[in-house]
Amino acid sequence: MIYKKRTLPSELKALISLDKRLPNNHDKKHNVKKNLLICQASYNGKLEFDEHINEFRPDYPHAILHDLYLQQDGAYFQIDSLVITPSSITIVEVKNHIDKTVIKANPTQFIRVFQNGERKAMRNPYIEIDRKIHLLKNWLGKRGIQIPIDGILTFAHTNELAIEHPSPEMKTMFTYEVPVHFRSLPVNEQILDGHAIYNLANALLEHHKEYNTFPIANLYGINPADIRPGVICPICDRLGMQWGREKWNCLSCGHTGKTEHRQTVEDWFMLVQPKMTNREFRYFTQLNNRNVARGLLAKSGLQLIGERKAAHYILMKEGKSPTPVE
Ligand SMILES: [Zn+2]
């Protein structure tokens, strides 16, 4: 049973917004586009994995959680997917590279071969998986759970892989091979019964923390003044919807709506800074009327802090997107 589904990663969401709002001639545009493509490919690989793991429906109790962020021993660790069965837990790392990957054994080496033939050593994902196994083991240990933890590395099937001298400790496979792998897992010993699996899955959900690196303008060395303001039409994707007759109007495609500024507010928090004043809201939505702005802000799921000149809005819960309020 799937306890946690995968959603659009916050980094990808922010990069999509940044790309829309950064002028084509901006010197950071290339970098943003490049990372957007990497992020999108990585997410697509994970979605492909999710489709395959969906075929794994054993008779025994089990739990699957996608995209978990946990904290242990003062460190954060992210797990692409976690599969819990009565006798073991598996951490799955999903990769999707556009380039060819060569994996060598003794010593383990990961090399990316780019289209122009250039070769570059990459970080060994097994070391990363081992670190996650270690941290998860401690996380479970604190809760009195002792169970074997395994790790597998999977690649989306579109990847070109060359595994030279495979060794048994390397569990590397394509995403389509994953259901077969899990079906072949022996479930001899029942360390966790159905009730314990249910409790563990819920404890993991409870301790999962959304993680993001907002605002990302800073991260990319982009001056917020270079980010184009305006409400983006959700239908034709054009910037510059205008407020009139109590709704947002797109002059390009004729679409109208009352809530289009919410995405603009979300963009501000993802890209620019973690607070927003009424003036900043008017600038970023290109709205003239202060009172209309106040009304719209009040319905944006934000929290008002301070009074008069010091008044500003923040997100209700740190790291989470604004929850729409009707
Ligand atoms: Zn439009």
Side-chain angles (χ1 to χ4, degrees), residues 5-44 47 212 214-217 219-220 222-302 313-316 320-326:
K5 286 187 179 170
R6 201 181 305 282
T7 53
L8 201 66
S10 55
E11 188 189 1
L12 180 54
K13 242 197 304 199
L15 281 169
I16 291 170
S17 299
L18 184 56
D19 182 44
K20 282 183 189 172
R21 293 183 179 275
L22 205 60
N24 280 333
N25 60 2
H26 196 278
D27 63 343
K28 296 284 161 52
K29 186 77 174 180
H30 176 73
N31 200 16
V32 169
K33 276 230 180 281
K34 194 180 93 189
N35 282 334
L36 175 58
L37 282 177
I38 293 171
C39 233
Q40 185 73 60
S42 160
Y43 183 54
N44 290 345
L47 290 182
N212 65 54
F214 298 160
I216 65 163
L219 213 67
Y220 280 83
I222 293 167
N223 181 351
D226 295 346
I227 295 173
R228 293 188 297 171
V231 174
I232 297 173
C233 170
I235 304 300
C236 72
D237 233 15
R238 294 245 174 107
L239 203 67
M241 290 188 88
Q242 292 185 8
W243 183 260
R245 296 189 179 173
E246 300 201 330
K247 53 185 190 286
W248 293 104
N249 303 278
C250 175
L251 303 183
S252 295
C253 75
H255 169 73
T256 62
K258 284 180 181 291
T259 56
E260 278 65 16
H261 59 280
R262 284 180 188 160
Q263 182 59 51
T264 317
V265 169
E266 194 179 343
D267 286 359
W268 174 272
F269 284 96
M270 289 194 295
L271 309 180
V272 184
Q273 63 177 19
K275 62 176 198 166
M276 188 181 217
T277 62
N278 183 300
R279 180 190 292 269
E280 286 163 344
F281 176 79
R282 280 179 283 141
Y283 162 71
F284 213 51
T285 53
Q286 299 281 284
L287 189 75
N288 295 321
N289 191 312
R290 189 183 167 85
N291 291 326
V292 172
R294 188 181 296 130
L296 291 176
L297 272 164
K299 284 191 255 170
S300 294
L302 300 169
Y313 295 82
I314 58 163
L315 292 178
M316 282 289 187
K320 295 237 161 123
S321 322
T323 319
V325 178
E326 288 304 328

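If you're wondering where the values come from, they're calculated on a predicted model, not measured in any experiment. Computed from heavy atoms alone, side chains included, the values below leave out hydrogens, waters and symmetry copies. As the structure lists them, so they are numbered: ligands from 1, and atoms in each ligand from 1.
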Taking the six-membered ring of Phe284 as reference, does the NZ or CZ atom of Arg21 fall below 6.0 Å from its centre and within a 45° cone about the axis?
yes
Roughly how far, to the nearest 0.5 Å, is the CD1 atom of Ile16 from the CD atom of Glu11?
11.0 Å
Using atom types as modelled and distance alone, determine if a side-chain donor or acceptor of Lys258 lies under 3.5 Å from a backbone N or O of Glu246.
yes
Are Thr277 and Tyr283 side-chain neighbours, meaning at least one heavy-atom pair lies under 4.5 Å?
no
Residue and atom, protein N/O/S, under 2.8 Å of the Zn ion (ligand 1):
Cys233 SG, Cys236 SG, Cys250 SG, Cys253 SG
Check Lys28 with Asp226, please: is the shortest side-chain N to carboxylate O separation under 4.0 Å?
no
Can you confirm whether Arg238 is buried at CZ, in the sense that more than 12 heavy atoms of other residues, nucleotides or ligands lie under 6.0 Å from that atom?
no
